[in-house]
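Note sheet for the following structure.
Indexing begins at 1, ligand by ligand and atom by atom, following the structure's order. Just so we're clear, the structure is a prediction, and the values are computed from it rather than from any experiment.
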Amino acid sequence: MSPISEVIVNKQTKNNPIWIMRQAGRYLPEFREIRKNNPDFIKLCLNQNLSTEITLQPLKRFELDAAIIFSDILMVPYGLNQKVEFKKNFGPSLGDLNLSKISELTEEDFVKKINQVYEAIKLVSSNQLVKNKDTIGFVGAPWTLLVYMINKHSPKLKLANNFFSDELLINEILKILDKFIKIHIKNQIDSGAKIIQIFDSWAGLLNKDKLDKYVYDPTLSLVEFTKSLNVPVICFPRGIKDYKKYSEYVKPDAICIDYEVDPVQIKKEIKIPIQGGMDPKILLTDKENLKKEAKKYLDIFKDHPYIFNLGHGVLPETDPNMMDYLVKMVKDY
Ligand code: 1CP
């Protein structure tokens with residue numbers, strides 16, 4: 001069994017498994033080289049040969065235990081025929097929502113529109129570099145996708161005041177998302193994904209009284225679906241204050257924590273395998289400090305099933321040598 005599955009399924013940490021969120025991306029010069037010649041980000045995600053190459057880039061450099069497929073959570077709204085563009089120094093920019101158009105969409109249309117993502121997963125999974133490692137498929141949680149679909153760009157720090165004004169529309173979109181995210185999960189698994197991670201990057205924007213409806217219930221539905229396909233699922237509800245309640249309610253196989261979580265406290269509270277935690281900004285400091293901080297997490301979780309990762313994606317300004325140092329340090333621990 002691969003080291004990450006060993007942690008999640010057998011609850012044993014062997015060989016200090018490690019993968020890094022956004023491990024394929026802008027901090028790597030070889031990615032920036034490809035990106036320079038491919039200004040349309042969605043088209044790049046839908047080029048199965050290039051997205052396979054990008055997915056494998058970090059595995060050629062570092063001894064990571066998983067490949068996470070180079071794609072984006074916004075491929076789902078794109079597959080639902082909402083316009084999605086990525087603008088330089090601005091981030092994602094989405095077009096108007098046309099509910100009647102989305103409501104008419106069939107599974108076949110959706111799969112056809114983003115089929116190259118599944119082709120890339122097949123290519124990655126069968127590559128020698130991924131032998132004895134996991135291919136991780138992923139989706140955005142319904143709440144986080146709803147935020148982008150309604151807000152139409154990154155919410156940065158807060159939601160618009162009138163975000164919840166059209167409840168009928170919101171309920172309809174949540175229903176559609178539940179259906180199509182499941183289709184996306186199933187197709188990734190059928191193509192070779194061995195683990196699914198659910199990113200709820202904007203869970204932290206909600207007040208407590210809205211968590212049941214927008215975070216807990218919709219995510220539980222996806223977790224139960226993924227488990228029914230016999231594939232483990234990791235959840236990352238970034239910024240949520242009560243990780244304990246989340247874990248008990250949503251019941252993922254493993255939980256990924258953000259860097260504001262106190263690792264000592266969470267270890268006491270949570271029984272399931274834990275992933276991540278270290279602040280990505282630590283990689284912008286020096287090797288001595290990096291070693292100290294990474295060791296802190298490894299020490300705390302030495303008797304708890306743990307997958308090393310960061311508390312959010314690796315930052316574009318990270319020096320790849322620091323990443324190399326981190327991976328070696330974790331493996332030698
Ligand atoms: O070159 C570029 O400008 C593209 C930058 C980029 C990359 C490399 C984007 C745009 N997406 C990605 C790939 C990506 N996105 C992966 C690939 C696999 C890997 O991890 O190596 C994954 C898992 C994602 C997931 C994703 N996309 C999330 C969830 C995780 C998180 O960071 O919180 C979110 C919120 C997105 C939306 C998105 N896509 C891209 C950007 C810059 C953003 C964030 C925008 C924002 O701040 O709202």
Side-chain angles (χ1 to χ4, degrees), residues 18-47 50-59 61-62 64 66-78 82 84-94 117 120-121 124 134-159 181 184 188 193 195-205 234-240 256-260 275-276 280 309-318 320 323:
I18 174 171
W19 70 279
I20 302 290
M21 291 188 274
R22 296 282 174 103
Q23 64 188 30
R26 285 175 295 181
Y27 73 106
L28 289 177
E30 56 270 37
F31 170 76
R32 293 197 298 269
E33 191 57 38
I34 293 182
R35 185 77 169 97
K36 206 171 68 190
N37 304 320
N38 294 274
D40 184 332
F41 182 76
I42 293 275
K43 265 200 196 144
L44 180 56
C45 292
L46 291 178
N47 179 328
L50 284 179
S51 62
T52 298
E53 188 180 333
I54 294 168
T55 302
L56 296 173
Q57 281 175 346
L59 278 82
R61 279 181 178 253
F62 317 117
L64 296 158
I68 176 152
I69 202 71
F70 180 76
S71 173
D72 200 86
I73 61 168
L74 298 176
M75 293 314 282
V76 166
Y78 175 80
Q82 188 173 11
V84 179
E85 287 175 301
F86 289 85
K87 295 181 180 157
K88 213 177 162 130
N89 303 324
F90 178 78
S93 170
L94 284 76
V117 175
I121 295 179
V124 167
D134 292 299
T135 303
I136 301 179
F138 67 88
V139 293
W143 164 248
T144 287
L145 292 185
L146 184 76
V147 167
Y148 284 110
M149 289 173 83
I150 292 199
N151 205 53
K152 296 193 272 186
H153 50 79
S154 176
K156 298 279 191 270
L157 296 168
K158 69 189 226 354
L159 292 173
I181 295 173
H184 194 38
Q188 293 185 69
I195 294 171
I196 295 292
Q197 176 149 321
I198 301 178
F199 287 95
D200 213 346
S201 304
W202 298 112
L205 292 181
I234 307 172
C235 286
F236 180 41
R238 183 168 73 96
I240 207 156
C256 183
I257 55 173
D258 66 78
Y259 54 84
E260 284 175 358
Q275 168 180 283
N309 204 320
L310 303 175
H312 199 195
V314 61
L315 296 163
E317 54 272 40
T318 303
M323 182 76 137

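- Ligand 1 lies less than 4.0 angstrom from a heavy atom belonging to I69.
- E30 meets the salt bridge (Lys or Arg N to Asp or Glu O under 4.0 Å) test with R61; sequence neighbours excluded.
- Listed by number with element, the atoms of ligand 1 under 4.0 Å from a non-hydrogen atom of I73 are 25 (C), 26 (C), 27 (N), 28 (C), 34 (C), 35 (C), 36 (C).
- Q57 places no side-chain N or O within 3.5 Å of a backbone atom of A24 that could act as its donor or acceptor partner.
- Of the polar atoms of R22, at least one N or O is found under 3.5 Å from an N or O of ligand 1, judged by distance alone.
- The closest donor-acceptor contact from the side chain of N38 to the backbone of K43 lies at 3.5 Å or more, if one exists at all.
- With atom 44 (C) of ligand 1 as the reference point, the heavy atom nearest to it among Y148, F86, F41 is part of Y148.
- The nearest non-hydrogen atom to atom 31 (C) of ligand 1, considering only H312, M75, R32, Q23, comes from H312.
- Here's the thing with R238: none of its N/O atoms is less than 3.5 angstrom from an N/O atom of ligand 1.
- By the salt bridge (Lys or Arg N to Asp or Glu O under 4.0 Å) test, K36 is found to be paired with E33, residues two or more places apart in sequence or in another chain being considered.
- Checking P280, P92, G137 against atom 45 (C) of ligand 1, the nearest heavy atom belongs to P92.
- Checked against a 3.5 angstrom limit, the closest N/O atoms of A24 and ligand 1 fall inside it.
- Annotation for ligand 1: atoms under 4.0 Å from non-hydrogen atoms of S201 are 29 (C), 30 (C), 31 (C), 33 (O), 35 (C).
- Taking the ring centroids of F31 and F41, they lie at or beyond the 6.0 Å cut-off.
- Heavy-atom proximity to F70, at under 4.0 Å, picks out these atoms of ligand 1: 8 (C).
- With rounding to the nearest 0.5 Å, the separation of CD in E85 from CG in L74 is 12.0 Å.
- Of all atoms in ligand 1, listed by their number and element, those nearer than 4.0 Å to a heavy atom of F31 are 1 (O).
- Of the options G25, P39, S71, the smallest heavy-atom separation from atom 17 (C) of ligand 1 is shown by S71.
- The CH2 atom of W202 lies 7.0 Å from the NZ atom of K156; values are rounded to the nearest 0.5 Å.
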